[in-house]
2 protein chains.
Amino acid sequence: MLIQIDPAAETPLFAQIAGQIRRSIVEQRVGHGERLPPAKELASSLDVNMHTVLRAYDVLRAEGLLEVRRGRGVVVSSVGPGRAKLIELAHALVAEAARQGLSRRELVKLLEDV
Amino acid sequence: MLIQIDPAAETPLFAQIAGQIRRSIVEQRVGHGERLPPAKELASSLDVNMHTVLRAYDVLRAEGLLEVRRGRGVVVSSVGPGRAKLIELAHALVAEAARQGLSRRELVKLLEDV
DNA sequence: ACCTATTTGTCCGTATGTATG
DNA sequence: CCATACATACGGACAAATAGG
């Protein structure tokens, strides 16, 4: 899966991992149905705790991008890269809004105006 | 806040806590802007780990029901009990679907048909 | 401006449970 | 039965934001 993280970065480790996997789905470097490495394995390769990887998986599961089931592992959902793209854009928008100091309310209003 | 949990129940502790707080918002037993007890405090009163309470808070934050900020604590969001009601119904629907063995796809289709 | 206490945020390690194959 | 792999929960540690003195 080729994931690289920066322990010194400001963004949390689980967010970095989730973001890179999301990116991989958008770019279709991983296709629907494809299986991701077990949390324990990915964790050891990244030199982080298994919980950190599980949390990243959980974020992507909540977004509908991954199907996570115990005993079976983690596979890319069939919703396709289109949704991943949307979510990625949403993340970027929220991050930029935060950088510019927009409140949640202001962002919502901005979106409604658009 | 009057929360009671059952450690022997099948539903996870964090879900029990989140569910009861959600219910309290629906019934307007807690109003918007009202502050919830610190995680550490609620945890000790429920005899669970602080992380478990924080996870419950995080669930409700993701649902837009709570505003959680470090240093300041947790307050009920101003979105009102209407949204809480919707989310509660959604939870009930998903739980019932799971009991009846419906897949995610079947549930979505059922919703679309309705 | 400084210090301290409070409170959440993240991460780690460990233990146990449960579904899958 | 057994190995795999995620799910939950606990405990501890440190960081960062906030509030108050």
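Letters A, B, ... mirror the listed sequences (proteins, then strands); counts begin at 1. What you see below is based on every heavy atom in this structure, not just the backbone, and it leaves out hydrogens, waters and symmetry mates.
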To the nearest Å, give me how far apart [atom1] ([X]) and [atom2] ([N]) are.
X: A/Gln16; N: C/dC11; atom1: CD; atom2: P; value: 8 Å
X: B/Leu46; N: D/dA9; atom1: CG; atom2: C1'; value: 14 Å
X: A/Glu41; N: D/dA5; atom1: CD; atom2: P; value: 7 Å
X: A/Leu36; N: D/dA5; atom1: CG; atom2: P; value: 13 Å
X: B/Lys40; N: C/dG9; atom1: NZ; atom2: P; value: 16 Å
X: B/Arg55; N: C/dT8; atom1: CZ; atom2: C1'; value: 17 Å
X: B/Glu10; N: D/dA7; atom1: CD; atom2: P; value: 17 Å
X: B/Leu60; N: C/dT8; atom1: CG; atom2: P; value: 13 Å

For B/Leu54 and A/Leu13, find the nucleotide of DNA chain C closest to each by heavy atoms; which residue's nucleotide sits nearer the 5' end? B/Leu54
Could you please name the option among [options] that lies closest to any side-chain atom of [X]?
X: B/Val68; options: C/dG9, D/dA9, D/dT8; answer: C/dG9
X: B/Phe14; options: D/dC10, D/dA5, D/dT8; answer: D/dT8
X: B/Pro12; options: D/dA9, D/dA5, D/dC10; answer: D/dA9

Between A/Arg61 and A/Glu67, does the side-chain contact (heavy atoms from CB on, under 4.5 Å) criterion hold? Intermediate values first, please. CA-CA 6 Å; A/Arg61 181 176 64 91; A/Glu67 292 174 7; over 6 Å; no
Would one find a side-chain N or O of A/Thr52 under 4.0 angstrom from OP1 or OP2 of C/dC12? yes
Polar contact flag, side-chain donor to acceptor under 3.5 angstrom, A/Glu63-A/His91: yes
Side chain to side chain contact (heavy atoms under 4.5 Å, CB included) test vs A/Leu13 passes for just one of A/Asn49, A/Val48, A/Val53, namely A/Val48
Could you tell me which non-hydrogen atom of [X] sits nearest to which non-hydrogen atom of [Y], and how far apart they are?
X: B/Tyr57; Y: B/Pro37; answer: OH-O, 2.7 Å
X: A/Leu65; Y: A/Arg22; answer: CD1-CG, 3.6 Å
X: A/Gln16; Y: A/Ala9; answer: NE2-CB, 3.5 Å

Do nucleotides 14-21 of chain C as a string where each nucleotide becomes B, S or -: B if the base has a protein heavy atom under 4.0 Å, S if just the sugar-phosphate does, - if no protein is that close. B--BBBSS
Presence of salt bridge, A/Asp58 and A/Arg55, under 4.0 angstrom: no
